[in-house]
Amino acid sequence: MASTEAARTILSGQESLRHWQEELYRDFHRNPELSHQEERTSGVVAEQLDGLGYEVHTKVGGTGVVGVLANGDGPTVLLRADMDALPVREATGLDYASTAVATDDEGHQTDVMHACGHDVHVSTLLGAARLFAEGREAWAGTLIALFQPAEELGDGAKTMVDGGLAALIPTPDVALAQHVLVHPAGTVGTHEGPFLSMADSIRITLYGRGSHGSMPHLSIDPAVLASMVVVRLQGVVAREVQPGEFAVLTVGRIAVGAKSNIIDDHAVLELNIRTYSRPIRDQLLAAIERIARAESAASGSPKEPDFEVYNSYPLTDNDAEATARVTAAFEDFFPAGAVGDYGRQTASEDFSDVPTALGTPYTYWGVGGADPAVYAEAEASGTVSSLPANHSPMFAPVMQPTLTMGTAALVVAASAWLGRA
Ligand SMILES: [Zn+2]
Ligand SMILES: [Zn+2]
């Protein structure tokens, strides 16, 4: 493949940027920032892109950054990384572990950690951006390096779209993104069609009547009402969704009362649902509402419950042709065994909001971040599921070959469009 030759030429400079990239990664890991607060990170990104000769747009939808590198006639490829970290207290014990503290949207002080590996995404995209800038003779077209805020809230991609992204960049022919996952470092996994689930969070406020704990007969106890709703919700996926259809319904938070001898007057439930299709999503939402209303009525609730849907994520539905092209490029470039199909993931992403708004096909793949020896051991003993995963305070991708592989994956995939024949 001509694109493989182009990728090989572009990646010939990879070894020389290893130190620079590892230092950047350590710096991002030590300095994580919460969603929509990625000021420092986006500053470093913009400075790097500027130094590499990109046309740089900053503050796109808050802290978003886009770099455009035009290199003659040819296709336009958009590569995307997300920049935000999570309110997690790091427990990895790494010498570059985060001790950062920040103030969240509600004004609370919280520890912050790159517990989802977005520092890997930023570092590998900067690596790819540099390699394309330094290897211009091997490709033609336009490369767009997009760094988005607030993936963890599900609205960062949208804020960039709403912030005028389309007017700042040429319309891409394809959009590409990746996520570090608990698979052996040195591997990549593509998947055609739905890859990441649609997700929604739902906040339900259930109303009762408050009373003294000693006088339950004067109350309508929202703790009992909320408990009934939680139990009843367990039947939705088990008894209402057609077997074989993918659906997850989790009650992640129950909040009621302040003290053992006070019956509160309301309870709050926070739910999370994951699906691969809109009809199933709508079925879950309808069932949740039906159950909350019916249980409220059964309790004699003085008021209908309130529902709020938030943190909604779109379906990540990988374009067949783009996925086939990237997979073929990976298989041609990487050694046998390094490329596979990671299968559908239950996690979610807002990446597709950008290509969807631009009318661009996209594909999104996984890149391994687990120590290959540790992963092999876990696989042999059937304990892969106990390895620290994304969002765990123990989540710690090995720096290499994760960064090298993640960078190469971006270069190889983009070269499938940009590589000079
Ligand atoms: Zn995450
Ligand atoms: Zn993530």
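Remember, it's 1-based here, ligands and their atoms both numbered in the order they're listed. Keep in mind that what you see is a predicted model, and the values were worked out from it rather than measured. Computation of the quantities below employed the complete heavy-atom set of this structure, encompassing side-chain atoms and omitting hydrogens, waters and symmetry-equivalent molecules.
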**Message:** Per the ring pair (Phe, Tyr, Trp, His ring centres under 6.0 Å) rule, what does the pair list look like for residues 31-76, sequence neighbours excluded?
**Reply:** none
**Item:** Residue from Asn311, Thr250, Asn272 passing side-chain hydrogen bond (donor to acceptor under 3.5 Å, both in side chains) with Ser201
**Value:** Asn272
**Asked** For the Zn ion (ligand 2), does an N/O/S atom of Cys116 lie at less than 2.8 Å?
**Response** yes
**Request:** Decide yes or no for Leu94 and His29: does some side-chain heavy atom of the first lie under 4.5 Å from some side-chain heavy atom of the second?
**Result:** yes
**Item:** Apex the Zn ion (ligand 2); atoms His118 NE2 and His179 NE2; angle rounded to 10 degrees
**Value:** 110°
**Item:** Glu152 near the Zn ion (ligand 1): N/O/S under 2.8 Å
**Value:** yes
**His391 atom (N/O/S) at minimal separation from the Zn ion (ligand 1)** = NE2
**Prompt:** Do Arg8 and Phe333 come close enough that some side-chain heavy atom pair is under 4.5 Å?
**Reply:** yes
